[in-house]
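To keep things clear, I will list the structure first and then write my remarks on it.
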Protein chains: 2
Amino acid sequence: MALAQAIMTSLLDADLSGSELARDFEKSMGFFWQSTHQQIYQELRKLADKGWLNKREVNQSGKPNKNVYGLTLAGREALADWVFGPTKVQPTKDELLLKLYNLSDDNVEHVIGEITHRREEVMQRLYLYEAIRRRHYDDPGSLPVRHKGVYLALASGIHQGEQFLSWCDEALTLLATVTGSSGH
Amino acid sequence: MALAQAIMTSLLDADLSGSELARDFEKSMGFFWQSTHQQIYQELRKLADKGWLNKREVNQSGKPNKNVYGLTLAGREALADWVFGPTKVQPTKDELLLKLYNLSDDNVEHVIGEITHRREEVMQRLYLYEAIRRRHYDDPGSLPVRHKGVYLALASGIHQGEQFLSWCDEALTLLATVTGSSGH
DNA sequence: CTAATCGATGCAATTTTTTGCACTAATAGC
DNA sequence: GCTATTAGTGCAAAAAATTGCATCGATTAG
């Protein structure tokens, strides 16, 4: 959707190669914007064609050469302009909710298992986010403007995680009554 | 992703035509699973070919004929089996978060505007959800099993909405300090 | 030395989603 | 009666995302 902008944003601070970007997308930026290396490579080429990125080949000792991309002036301007354009949201599609619509005595146990599992995953992620917050964003008020924004994106992830945990608790409580009363 | 299952789930209680489904997708099911009528029509044809749905043409007085689809036994079984399969999640991609990464003195005002706007939208939606909850799911504990599941999907939307509102408040508070101190 | 392995890069086919249009039949305005 | 509009259905091209491979060097095992 706005993969182009996600990539350019990653390049704001440092020039990166395709694989470096792909790795970055598993960390920070990737917390809320997933992408695969294939997509990234393609998009990089497009952006270079457009003149928003410049590419320079870096010879590496021992390893194959890597192509490092950096924002051009035009790229920076395009990115800055983009902020004022329309904002798309692609809402989550979670098959778990769909499964809930199909809840039955036959599958409650299974669904409970899935919820429990997801709860665990989200909790792990939440620990990570909290650790980052504590480490880098202890006092948001005193951060430079741009970092305030980055902090808020992180905060969004934290809020969502917490919300999910509390939903899980409600769900598990309610579903426990089903298995409990229906016996077996 | 699992559009097929989303459609079949909508057909659990009643047979529907393409346009009726499309309208449904703007309501209940569509609260957490968006789709367009084009996609729905295509998927309906595929599912009918697979033998999971049957199609019957209904002549309507005055209007063009409509094709009404219903679940076949095979369809019901496939749907029931699907619940036990792997669960995919397609996490939200929200350009607003990307914009936050690009926060600057030049665009804070604009971003604040966008957040405020979204806050309003989410609040509206939340009112709707709450109304549905109050009307149909007053006492979740006493609902039949399947409706408990449906209720939990709704509850998920409510939790998410509330989470978003509280995030908005944090964000607006923090960003107010930026515009406040930078003056002008 | 040769073959198997690995990490980084990338092409290409397939599938999914989006976008734009087109047809049909009723309805409304003139 | 003729044209414009609207609701329901659907095709098809384009764009985006996913999946599966393919290459290219260096590295390790035999």
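Naming convention: chains lettered A, B, ... in sequence-line order (proteins, then strands); numbering from 1 in each chain.
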Inset, instruction - Is it possible for you to check whether Lys46(B) lies under 6.0 Å from the centre of the six-membered ring of Trp52(B), through NZ or CZ, and within 45° of that ring's axis? - result: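 No - Lys46(B) does not lie over the ring of Trp52(B) by the 6.0 Å and 45° rule.
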Inset, instruction - Between Gln90(B) and Gln38(B), just flag the one whose closest nucleotide in DNA chain C comes earlier from the 5' side. - result: Gln90(B)
From the set [options], return the single nucleotide nearest to any side-chain atom of [X].
X        : options                   : result
Lys93(A) : dT17(C), dC21(C), dG8(D)  : dT17(C)
Arg45(B) : dC11(D), dG10(C), dC11(C) : dC11(D)
Gln42(A) : dG10(C), dA12(C), dT18(C) : dA12(C)

Whole angstrom is fine here: how far is it from [atom1] in [X] over to [atom2] in [N]?
X        : N       : atom1 : atom2 : value
Asn67(A) : dG7(C)  : CG    : C1'   : 15 Å
Asp24(B) : dG8(D)  : CG    : P     : 13 Å
Ile40(B) : dT18(C) : CD1   : P     : 12 Å
Tyr41(B) : dT18(C) : OH    : C1'   : 17 Å
Leu21(B) : dT9(D)  : CG    : C1'   : 13 Å
Leu16(B) : dG8(D)  : CG    : P     : 13 Å
Ile7(B)  : dT16(C) : CD1   : P     : 13 Å
Glu20(A) : dG7(C)  : CD    : P     : 16 Å

Inset, instruction - For Lys88(B) and for Gly18(B), locate the closest nucleotide of DNA chain D by heavy-atom distance; then report the residue assigned to the nucleotide nearer the 5' terminus. - result: Gly18(B)
Legend entry - Earlier contact from the 5' end, DNA chain D, for Arg23(B) and Glu43(A):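 Nearest-nucleotide comparison on DNA chain D picks Arg23(B).
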Pair [X], [Y]: side-chain N/O donor-acceptor within cut-off below 3.5 Å:
X         : Y         : answer
His159(A) : Gln163(A) : no
Tyr101(A) : Gln5(B)   : no
Tyr129(A) : Arg125(A) : yes

Legend entry - Sugar-phosphate only, base, or nothing, as touched by Ser17(B) at under 4.0 Å among non-hydrogen atoms: sugar-phosphate
Inset, instruction - Check every strand shown and say whether Lys46(A) touches a base, only sugar-phosphate, or nothing at a heavy-atom separation below 4.0 Å. - result: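 Counting heavy atoms under 4.0 Å across all strands, the contact made by Lys46(A) is with sugar-phosphate only.
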Inset, instruction - Inspect the contact between Glu20(A) and Arg23(A) and indicate whether a charged nitrogen and a carboxylate oxygen are less than 4.0 angstrom apart. - result: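 Not counted as a salt bridge, because no side-chain N and carboxylate O are separated by less than 4.0 Å.
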Inset, instruction - Kindly say whether, by distance alone, the side chain of His37(B) makes a donor-acceptor pair under 3.5 Å with the base of dG8(D)? - result: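 Counting by modelled atom types and ignoring angles, no donor-acceptor contact under 3.5 Å is found here.
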